[in-house]
Amino acid sequence: MIFNSYIFLFVFFPITFIVFWLLKNRQHRYIWLTLTGYIFYGYWNWKFVILMFLTTGVDFLAAQWIEKHDGNRRQMKYGLLVSIITGLGLLIYFKYANFLTGAFAGTVSLFGLALPVPHWNIILPISISFYTFETLSYTIDVYRRKIHATKNFFEYSTFIAFFPHLIAGPILRYTDLTNDLNNIDKQPKSEFFFRGLNLFVIGLVKKVIIADSIANIINPMLGNYATLTTTGAWLAILGYTYQLYFDFSGYSDMAIGLGHLFGFNFRQNFNSPYQAVNISDFWRRWHISLSSWLKDYLYIPLGGSRISPSRTYLNLFLTMLLGGLWHGANWTFVIWGGYHGLLLAIDKKISPFLGKIPIILQRVGTFFMVIIGWVFFRSADFHMAKIWLTKMFTLPALDLHWSALVAYSLTLFILLIVSTVIVQFLPNTFQINYQPKLKYAALLAAAFVACIIFLNYQQSVFIYYQF
Amino acid sequence: MPFKTWLEKFNRLYQAKEAKFILFFLLLSIGFSIIILILSVLVDPRGVFGTNLIKPVVLTNRTEKLQAMTKWNKPLDLLVFGSSRLFKMDPVLTKKLSGLSTYNASVSYARPEEHLAMLQYLLNETNIKPKIILVGLQVGEFNNDAIEPQTIMNPALRQYLPISRRAVALTAIRTLKDSLSPIYMRDMFLAIFWSVSKYPEDRVTFDQNGYQNFDKNRAKNFSRINKAPLDLFNTDGSLNPEKKNYFSQFVSLANTHQIKIIVFLTPMPSTVIDELTKETTYAAMHQNALTFLSELAAQNKITFYDFSRVQSFNGLEDGFDDSTHPSYQNMNLITKKIFNTFHLR
């Protein structure tokens with residue numbers, strides 16, 4: 001089920017919301033949110049509900065085991081290992097089995113050997129990457145004694161299965177929700193609903209009206225990428241740069257808004273990433289929940305920046321390489337991750353000198369580096385990325401005349417201008433000072449109805465659903 | 001919880017500005033939606049609801065042509081039935097070759113049930129008693145699509161359609177829901193704008209005899225085949241039994257009233273046929289259509305021509321306005337081919 005669908009807006013959400021606030025008992029609310037989370041997830045494929053339940057159950061019990069054997073490092077490690085092996089094992093099997101066997105066979109072939117490579121018909125369960133990271137963070141934090149393991153299964157399963165963040169984040173930590181979970185039986189407050197409603201509708205506008213409109217234009221262009229002109233190649237990557245941002249940040253806004261409607265405060269996931277002044281700054285602003293997870297559970301345990309500079313650079317590179325792989329079982333994601341890892345390492349080395357460059361140039365330069373990376377992120381394979389980049393950098397063929405820019409689509413050109421203004425000059429959704437004035441209610445209602453109209457034309461999934 | 005307690009809770013909650021905001025938002029969202037739906041019906045840019053307050057952007061032709069035929073006060077001996085692919089069958093040429101006064105009654109998205117309903121309407125509600133009905137069919141008409149909403153929403157034809165009141169109501173609701181789309185909003189805006197300013201010259205209109213007005217010098221659009229023709233072939237290769245039945249009933253009704261039926265399969269460019277053959281069940285459906293129509297011809301109920309390929313009527317490979325619609329040149333050649341060999345008994 002997706003947020004931008006009639007079934008969610010007019011059936012699932014109203015029922016879930018109304019029943020939740022009618023229930024007064026804390027445990028009843030945990031159970032209701034768990035149940036509705038499983039229904040939300042199972043709407044896509046009910047069979048994989050079992051998988052999510054299995055992961056949830058194993059980590060709940062593993063955390064209990066770890067806490068029970070506090071002081072006994074060996075037993076604690078057993079508990080942690082069970083959690084990690086289960087979570088990562090399932091993730092690797094469902095997401096990377098074919099990729100890894102193909103990579104292994106490819107490596108072996110370099111030595112002149114030909115291995116018969118099996119190809120399994122494995123369906124990738126949606127959101128497995130997201131909830132696996134969440135369950136792992138829970139058991140690791142219990143192991144590190146940052147939090148206490150909860151003895152209430154439904155409290156824990158609410159943390160995992162609560163539908164707003166279930167499918168595509170933000171990737172939450174148990175510490176993010178402890179306070180809200182403990183106070184889940186609170187009374188409704190109109191401030192929750194007010195802010196939640198604003199965030200949700202603005203997120204919907206970002207996704208349905210901006211992101212999907214751009215996608216409708218650039219997808220056919222990229223479907224025939226070999227025929228793109230230089231101008232077209234640049235328009236396509238700029239379009240994708242904004243499509244990805246509005247799609248994902250729109251989803252995050254909707255998830256955070258929905259959380260508010262149930263009295264939950266989720267962490268922000270985006271903070272004007274295209275205003276970043278360097279690549280490190282970019283990763284403090286883009287998909288914040290993922291980058292902070294990678295930092296806390298991968299980069300720092302590898303040593304972070306507390307070791308030699310060369311090891312620090314390697315850690316950065318490896319962390320981002322795995323971060324790229326997290327997005328999908330494709331070499332283009334690995335290249336994208338490695339590319340960012342390399343940029344981060346270089347940035348760490350030369351950052352003392354970058355401060356001398358005017359801010360505007362730093363922002364432009366960072367933006368340029370980021371969009372080059374998106375070429376790999378969007379490309380189906382290395383061949384497409386190569387062709388696309390080649391076309392982009394056939395500079396003598398770049399035609400910046402007005403007629404060439406609008407030849408592909410005047411609508412795309414207008415959308416790019418509007419998108420640039422929004423990402424460069426307007427505040428983030430969470431920074432807006434929402435006023436409960438009736439004229440703004442009218443504006444919000446008009447925006448909501450406009451989204452309903454656009455939804456009737458298309459109901460496309462979020463880009464990050466595929467991860 | 002007693003209602004009074006609920007009311008007190010609601011009043012307390014409502015005191016907050018945020019609560020007022022939310023309530024206002026909900027009411028306005030519903031209000032805006034209702035206004036748009038009402039406008040959709042009143043403006044009716046596609047002529048689906050039949051309000052006729054503003055000229056439609058996309059002519060469905062049904063209302064216009066049925067009204068024209070209802071008001072016809074001269075004998076009409078020959079009618080042309082079919083979809084938009086027959087818009088350029090010239091009644092003047094047909095009359096010249098056959099000696100029969102002709103009206104082109106083809107309408108967009110015409111299907112077998114439409115031919116039946118239209119004939120019943122004409123026989124029951126007008127003075128028109130044609131001697132011949134020339135029907136241009138395309139194989140995709142016998143697919144599994146539901147009855148076209150434009151036909152269901154036309155009050156003149158609806159009464160003759162084999163459809164329940166429940167189905168009509170559901171179609172109306174679905175059509176209303178489909179009107180909440182950006183393309184429909186654009187059409188509404190265009191309909192209002194054009195009605196106030198001026199209609200574009202290339203807008204599809206019809207002469208008094210039902211023939212489409214068009215610019216013979218207009219550039220053709222042979223870009224990659226549109227998706228719509230591909231979507232027509234949604235069966236496993238067989239013809240939909242209900243559609244076959246509607247067409248058989250149409251032929252029987254015509255025979256009962258001594259009306260001759262001439263049927264031909266409309267042509268498409270070879271490249272399009274090749275792509276349809278590759279991508280869809282077109283080949284199987286075409287073969288089944290040939291079998292079905294040949295059987296009807298063998299029973300002397302109809303005269304049948306397969307003009308699917310341009311070579312069958314010495315047509316032009318580029319005699320098309322787009323990937324599926326024959327140009328006036330090919331339609332003229334088809335007309336000549338039919339009336340060079342046809343004799344009215």
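Reminder, nothing fancy here: chain letters follow the sequence lines and each chain counts from 1. Source: prediction; values computed, not measured.
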Can you confirm whether A/Tyr43 is buried at OH, in the sense that more than 12 heavy atoms of other residues, nucleotides or ligands lie under 6.0 Å from that atom? no
Check whether A/Tyr434 gets within reach of chain B through its side chain, its backbone, both or neither, counting any heavy atom under 4.5 Å. neither
Between CZ on residue A/Phe192 and CD on residue B/Glu18, distance to nearest 0.5 Å: 11.5 Å
B/Lys177 and A/Tyr6: which non-hydrogen atoms are nearest, and at how many Å? CE-CE1, 3.8 Å
Point-to-point distance, once rounded to the nearest 0.5 Å, from CD1 of A/Ile453 to OG of B/Ser40: 8.0 Å
Does atom CZ of B/Phe193 have more than 12 heavy-atom neighbours from other groups under 6.0 Å away? no
For B/Ala19 against A/Ser190, the heavy-atom pair lying closest together: N-CB, 3.8 Å
Side chain to side chain contact (heavy atoms under 4.5 Å, CB included), that's the test. Do B/Phe21 and A/Leu444 meet it? Break it down for me. CA-CA 10 Å; B/Phe21 178 99; A/Leu444 203 70; 4.0 Å; yes
Result of checking B/Ile30, B/Leu28, B/Ile36, B/Ile35 against A/Val449 for side-chain contact (heavy atoms from CB on, under 4.5 Å): B/Ile36
Would you please name every residue forming a side-chain contact (heavy atoms from CB on, under 4.5 Å) with A/Ala447, sequence neighbours left out? A/Val201, A/Val205
Pick whichever of A/Leu443, A/Leu438, A/Asn198 has the most heavy-atom pairs under 4.5 Å with chain B. A/Leu438
For A/Phe448 and B/Phe32: C-alpha separation, side-chain torsions, deciding distance, then whether ring pair (Phe, Tyr, Trp, His ring centres under 6.0 Å) applies. CA-CA 10 Å; A/Phe448 181 67; B/Phe32 286 152; over 10 Å; no
Counterpart residues, salt bridge (Lys or Arg N to Asp or Glu O under 4.0 Å), relative to A/Arg195 (two or more places apart): none
